[in-house]
Amino acid sequence: MITYGYAKDYKYTNDGTLMIRTRIPSIHGPYHQSSYNGKSVRNYVRDEDLPYYPSLLLPHLPSDGEVVAVSSLDKSNSQFIILGLTGGHYNLGATNLDL
C-alpha cells in the first residue's frame with residue numbers, strides 16, 4: 001500500500017540511514033489540529049510524538065510540509081518506508097500570488 005504524508009523533520013542514524021518524521025493524515029490526524037474546524041481530534045498526534053520512518057535516498061532533504069510517498073512494509077501496516085518526494089507541499093490555502 002502506498003499513501004502520502006507530510007515531512008516534519010529528519011535525522012540521520014549512526015549507520016547513515018536517513019529517518020524522516022512524517023505525519024500520515026489517515027493515521028496521525030491533519031497537518032494542523034486547527035484544520036479540523038476547531039474541533040477536538042481524538043486521534044491527533046502532536047508533532048513531537050510523530051515517528052521517524054526510514055527513507056530511500058532522496059534528491060534533497062525534505063523541508064517541513066513537503067509531501068512524501070510512504071509504503072507499508074508489512075500487511076499489518078505497522079512498518080513504513082519513505083519512497084520519495086512528490087513535489088507537493090502543504091498549503092494553508094490559496095493566497096494572492098503575483099505571477
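As a basis for the values below, the full set of heavy atoms in this structure was taken, side chains included, without hydrogen atoms, waters or symmetry mates.
- The ring pair (Phe, Tyr, Trp, His ring centres under 6.0 Å) search around Y53 returns F80, not counting sequence neighbours.
- Rounding to the nearest 0.5 angstrom, the gap separating the CG atom in L18 from the NZ atom in K11 is 11.0 Å.
- Here OG1 of T3 is found 7.0 Å from CD1 of I27. Values are rounded to the nearest 0.5 Å.
- The CD1 atom of I24 lies 9.0 Å from the CG atom of L50; values are rounded to the nearest 0.5 Å.
- Y10 and V68 fall within the same hydrophobic cluster, where Ile, Leu, Val, Met, Phe, Trp and Tyr residues are linked whenever their side-chain heavy atoms come under 4.5 Å apart, directly or through other members.
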Where do Y52 and D9 land on the side-chain hydrogen bond (donor to acceptor under 3.5 Å, both in side chains) test, with the steps shown first? CA-CA 8 Å; Y52 282 93; D9 189 18; 2.9 Å; yes
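- Clustering of Ile, Leu, Val, Met, Phe, Trp and Tyr by side-chain heavy atoms under 4.5 Å joins I2 with L56, L73, I81, L83.
- Judged as a salt bridge (Lys or Arg N to Asp or Glu O under 4.0 Å), the pairs with a partner in residues 48-58 (not counting sequence neighbours) are, in order, R46-E48.
- A distance of 8.0 Å separates OG1 in T86 from CD in E66, rounded to the nearest 0.5 Å.
- Residue pairs meeting the salt bridge (Lys or Arg N to Asp or Glu O under 4.0 Å) criterion with at least one partner in residues 14-30, sequence neighbours excluded, are R23-D47.
- Contact detail for L85 and P62: the closest heavy-atom pair is CD2-CB, 4.0 Å.
- Residues K8 and H28 form no side-chain contact, since every pair of their non-hydrogen atoms from C-beta on lies 4.5 Å or further apart.
- For P25, the side chain to side chain contact (heavy atoms under 4.5 Å, CB included) criterion is met by Y6, not counting sequence neighbours.
- Considering all non-hydrogen atoms of both residues, H89 and D64 come closest at NE2-O, 2.9 Å.
- The side chain to side chain contact (heavy atoms under 4.5 Å, CB included) search around N14 returns none, not counting sequence neighbours.
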